[in-house]
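The structure appears below as structure tokens.
Below, each value reflects all heavy atoms present in this structure, side chains not excepted, and no hydrogens, waters or symmetry copies. Counting begins at 1 with the first residue of the sequence. Given the structure is predicted, the values throughout are model-derived calculations rather than measurements.
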Amino acid sequence: MLGGFMRPSSSRRFRLPLLLGALAASGLAAAAAAPAAIAAPAPLAITVIGGDAQLSAAWSAVPGATGYVVQWGEGSRTNRTLRTTGLSVRIPKVTNRRTYSVRVSALGVAASSARRSVRPVPYVPTSITSVRAVPDGPDRIRVTWSGGGQARSVKVLAGADSITEAHHFSTGWLPAAVRSAVVTVPRSLRGVLGGGTGNVVFVKVAQTNSRAANPKDAYAFSLRDKYRLTPSGTWSLAGMAAAGGDTTRLSVATWNVQSITASAGYAVQNRWAARLPKVVANIEAHAPALIGLQELTTARVEPDCLNPRGQYLCVEQYQTLETALASAPTPYRDARSDANAWVYANPGSYVDSHLFYDPARLTVQDSGYVSPRDLLGSAWPSSMPNEAGMWARFGILDGTGAVGRGFLAVSIHLPAGDEGAVRRAEAAAIARFMDGKARQADGTSLPIVFVGDFNDNGAREADAGSLRLLATGYLDAAATADRTGLNFSTANQSNGAGGVDADYPAFLTPHKYPTSRIDYIMLKNSPHPISYRNLVPTAGDRFDGALQGSDHNMQLAEVGIGDPVR
């Protein structure tokens with residue numbers, strides 16, 4: 001020992017490299033053993049609204065969450081708690097004009113919202129700024145909106161007109177912070193507004209700041225009731241069930257070409273002789289495989305012409321179109337050409353409607369006339385002429401000329417004017433008639449295409465022929481999201497201005513919202529429609545004179561023809 005210093009033994013010598021290595025190793029091990037950093041909670045979007053003595057909050061669903069905790073309090077505090085498995089809450093009995101804070105956290109998942117401040121007030125709700133509606137499954141429409149406030153509750157109103165008063169239905173009252181809801185067409189209205197009807201559903205979003213337990217639906221702003229609605233015009237088709245099965249695509253049209261007698265007193269350019277080439281041009285331009293034509297009658301071109309017994313020398317309106325189309329690029333044929341003879345065999349009758357087809361795409365397997373007087377018997381008014389239509393059975397040709405799938409078609413013109421009961425009865429009777437024609441020996445039924453001028457609007461009129469067909473299992477070919485021309489009626493008196501005759505306006509005037517229609521393409525025993533067009537002949541802001549061959553517009557649908565059904 002020297003000066004108090006003791007020399008360490010060789011076994012206890014301090015070795016710096018070994019010590020540093022040990023420390024490094026122990027640091028790595030500690031790092032490997034340390035728990036992973038806790039992820040920050042995911043953001044959760046929340047909307048908070050202050051109404052009269054009430055707060056409401058709503059948020060979007062968090063995947064995996066088992067529930068939600070709503071924390072709230074006065075000022076910036078969130079010292080009170082609510083738990084829910086839903087996506088919205090009401091917080092009652094708060095004091096108006098005081099500030100409150102609200103935040104939401106998910107249970108079972110790391111997700112929470114920022115703290116939101118809000119003041120409850122007893123005023124009229126502020127305006128919702130935008131509304132959107134889209135199909136959302138069979139007979140359902142999803143409605144979303146933004147803006148609005150100063151309300152206790154919100155709901156979606158729906159109906160057949162822009163006010164939502166006709167065929168009205170609605171959701172229940174929801175907390176005012178909710179910003180989306182699904183409306184489901186009630187079962188009682190699905191024959192008018194359901195997914196297969198083709199009738200649009202208008203929607204509005206209503207807010208109320210009333211303290212009433214269940215405020216009634218209303219259709220106008222009310223200062224007294226603290227009630228505000230969104231403007232008219234938002235609409236959607238209700239969703240349809242998905243179509244299934246293998247099909248053959250087929251283009252089908254219907255068009256009322258206006259009879260030779262109905263336009264006899266019009267300006268020369270709107271009489272049949274001048275309109276005939278326009279009718280041909282329009283049919284050729286859109287080239288459907290099948291087209292049902294109405295008001296293509298057995299009226300004689302020369303009214304004073306007389307046929308000797310057993311001879312049919314007088315030219316009739318339908319024959320002029322047969323002749324004109326026979327020499328056109330697509331040489332359409334009439335499914336039957338003996339309408340003049342049928343009329344002579346059925347006194348008090350005339351043939352109004354026909355089925356023309358492209359012989360390169362379809363072949364006629366059977367055909368005949370539909371006599372509503374015979375179908376209805378004593379129920380047919382004795383004062384009403386028997387306005388007959390046409391039916392036919394077609395085979396679809398493939399590219400080699402072989403016959404593929406078959407289907408039935410019928411073209412009809414239901415009575416106009418105040419004959420609602422007759423329209424309803426005739427539509428039902430023809431539906432039964434076509435069911436009989438479609439039924440095969442093996443118990444299956446062929447697809448049916450039912451076209452015509454029904455002379456009523458199924459969205460508003462209880463006697464509409466389309467409603468009778470829907471009730472017997474038909475679908476409306478217009479029940480598709482791929483649809484154009486809704487802002488024009490299918491008849492043109494209300495679609496334009498100017499022109500010599502009211503039926504033939506010069507300038508286009510589209511309606512603000514989807515409007516009424518009286519011309520229909522209906523389908524039965526077949527998959528859903530693919531596309532639908534209301535073919536208004538346009539040239540800029542005017543009607544296209546080269547194609548304006550009628551006071552109605554051609555309706556064109558692409559449909560799927562399937563196999564016979566049981």
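- At most 12 heavy atoms of other shown residues, nucleotides or ligands fall within 6.0 angstrom of atom CD1 in I163.
- At least one side-chain heavy atom of H552 sits less than 4.5 Å from a side-chain heavy atom of I518.
- No side-chain heavy atom of Y318 sits less than 4.5 Å from a side-chain heavy atom of T297.
- In this structure, the side chain of T323 engages the main chain of Q319 through a donor-acceptor pair within 3.5 Å.
- Residues I396 and V403 form no side-chain contact, since every pair of their non-hydrogen atoms from C-beta on lies 4.5 Å or further apart.
- Salt bridge absent: D435 and R432 never bring a charged side-chain N and a carboxylate O closer than 4.0 Å.
- Between atom CG of residue N495 and atom CZ of residue F488 there is a gap of 6.0 Å, rounded to the nearest 0.5 Å.
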>> For a side-chain contact (heavy atoms from CB on, under 4.5 Å) check, start with the C-alpha distance between V343 and V351, then their side-chain angles and the critical distance, and finish with the verdict.
In response: CA-CA 7 Å; V343 166; V351 174; 4.0 Å; yes
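- Although no hydrogens or angles enter the test, the distance criterion places a donor-acceptor pair under 3.5 Å between the side chain of N199 and the main chain of V192.
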> Stepwise, does the salt bridge (charged side-chain N to carboxylate O under 4.0 Å, His left out) test hold for D482 with R533?
Replying inline: CA-CA 8 Å; D482 185 2; R533 307 284 180 257; 2.9 Å; yes
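- Judged purely by atom type and a 3.5 angstrom limit, R271 uses its side chain to pair as donor or acceptor with the backbone of Y266.
- With no hydrogens or angles considered, a side-chain donor-acceptor pair links D217 and S170 at under 3.5 Å.
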>> For a side-chain contact (heavy atoms from CB on, under 4.5 Å) check, start with the C-alpha distance between N525 and S445, then their side-chain angles and the critical distance, and finish with the verdict.
In response: CA-CA 7 Å; N525 304 335; S445 292; 3.5 Å; yes
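- Between S550 and R275, the side chains place no donor N or O within less than 3.5 Å of an acceptor N or O (distance only, hydrogens not considered).
- Using a 3.5 Å distance cut-off with no hydrogens or angles, the side chains of H413 and N455 do pair a donor with an acceptor.
- Of the possible donor and acceptor atoms, none in the side chain of R517 sits under 3.5 Å from a partner among the backbone N and O of L486.
- For D366 (side chain) and R393 (main-chain N/O), no donor-acceptor pair under 3.5 Å exists by modelled atom type.
- Applying the side chain to side chain donor-acceptor pair (under 3.5 Å) rule to Q294 yields the partners T254, S411; only residues at least two apart in sequence or on another chain are considered.
- To the nearest 0.5 Å, atom CG of residue L408 and atom CE of residue M434 are 4.5 Å apart.
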Pairs of donor and acceptor atoms involving the side chains of residues 460-469, under 3.5 Å and at least two apart or interchain, shall be tabulated with distances.
from : atom 1 : to   : atom 2 : distance (Å)
E461 : OE1    : N457 : N      : 2.9
D463 : OD1    : R424 : NH1    : 2.7
R468 : NH2    : A462 : O      : 3.4

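- Residues R336 and M390 form a side-chain contact, since some pair of their non-hydrogen atoms from C-beta on lies under 4.5 Å apart.
- With 3.5 Å as the limit, one finds a donor-acceptor pair spanning the side chains of N386 and S371.
- No more than 12 heavy atoms of other residues, nucleotides or ligands shown are found within 6.0 angstrom of CZ on R187.
- Checked by atom type and distance alone, the side chain of S526 pairs as donor or acceptor with a backbone atom of G560 at under 3.5 Å.
- Sequence neighbours left out, the pairs with a member in residues 502-551 that pass ring pair (Phe, Tyr, Trp, His ring centres under 6.0 Å) are F454-Y520.
- Side-chain contact of R373 with S349: a donor-acceptor pair under 3.5 Å is present, judged by distance alone.
- Counting all heavy atoms, side chain and backbone alike, A328 lies closest to E284 at CB-OE2, 3.2 Å.
- With respect to the salt-bridge test (charged N to carboxylate O, under 4.0 angstrom), the residues D418 and R423 do not qualify.
- The CG atom of L414 sits 7.0 Å away from atom CG of D456, with the distance rounded to the nearest 0.5 Å.
- The shortest distance between side-chain heavy atoms of I412 and I430 falls below 4.5 Å.
- Looking at W255 and D453, their side chains never come closer than 4.5 Å, going by heavy atoms from C-beta outward.
- Separating the CE atom in M384 from the CD atom in E419 is a distance of 3.5 Å, to the nearest 0.5 Å.
- If you check the side chains of D503 and Q493, you find a donor sitting under 3.5 Å from an acceptor.
- In this model, no donor atom of one side chain and acceptor atom of the other lie less than 3.5 Å apart for D338 and Y312.
- Side chain to side chain, N492 and D551 fail the donor-acceptor criterion of an N or O pair below 3.5 Å.
- Note that CD1 of I291 and NE2 of H286 are 9.5 Å apart. Values are rounded to the nearest 0.5 Å.
- Ring centroids of Y357 and F394 are separated by less than 6.0 Å, placing the two rings close together.
- Considering all non-hydrogen atoms of both residues, A289 and L362 come closest at O-CD1, 3.4 Å.
- Contact between P447 and G406 at its shortest, heavy atoms only, is CD-O, 3.5 Å.
- At least one donor-acceptor pair under 3.5 Å links the side chain of R483 to the backbone N or O of G198.
- Listed here is the closest heavy atom pair of V268 and A274: O-CB, 3.5 Å.
- Among all heavy-atom pairs drawn from N340 and S337, the shortest one is OD1-O, 4.3 Å.
- When all heavy atoms of G485 and N534 are compared, the pair lying nearest together is O-ND2, 3.0 Å.
- By the 4.0 Å N-to-carboxylate-O rule, D246 lies close enough to R405 to be salt-bridged with it.
- Residues that satisfy the salt bridge (charged side-chain N to carboxylate O under 4.0 Å, His left out) test with R142, not counting sequence neighbours, are D136.
- Using a 3.5 Å distance cut-off with no hydrogens or angles, the side chains of D398 and T400 do pair a donor with an acceptor.
- Residues W272 and V279 have side chains in contact (heavy-atom distance under 4.5 Å, counting atoms from C-beta outward).
- Taking CD of E558 as the start and OG of S251 as the end, the distance is 5.5 Å to the nearest 0.5 Å.
- Using a distance-only test at 3.5 Å, with no hydrogens or angles considered, no donor-acceptor pair links the side chain of D334 to the main chain of E322.
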>> Test side-chain contact (heavy atoms from CB on, under 4.5 Å) on F169 and L193; report intermediate values, then the result.
In response: CA-CA 11 Å; F169 62 101; L193 293 175; 4.1 Å; yes
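- The shortest side-chain heavy-atom distance between L313 and C305 does not fall under the 4.5 Å cut-off.
- Within the 3.5 Å criterion, the main-chain N or O of V185 finds no donor-acceptor partner in the side chain of D139.
- Under the 3.5 Å distance criterion, the side-chain polar atoms of Q548 are matched with a main-chain donor or acceptor of P505.
- Side chains of E295 and N256: a donor-acceptor N/O pair is present below 3.5 angstrom, by distance only.
- Taking T164 as the reference, L157, H168, F202, K204, Y219 meet the side chain to side chain contact (heavy atoms under 4.5 Å, CB included) condition, with sequence neighbours excluded.
- A search for salt bridge (charged side-chain N to carboxylate O under 4.0 Å, His left out) contacts involving R300 returns nothing, not counting sequence neighbours.
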>> Using the rule given for side-chain contact (heavy atoms from CB on, under 4.5 Å), can you reason through D519 versus N553, listing the C-alpha separation, both sets of side-chain angles and the distance that settles it, and then say yes or no?
In response: CA-CA 9 Å; D519 301 276; N553 300 312; over 6 Å; no
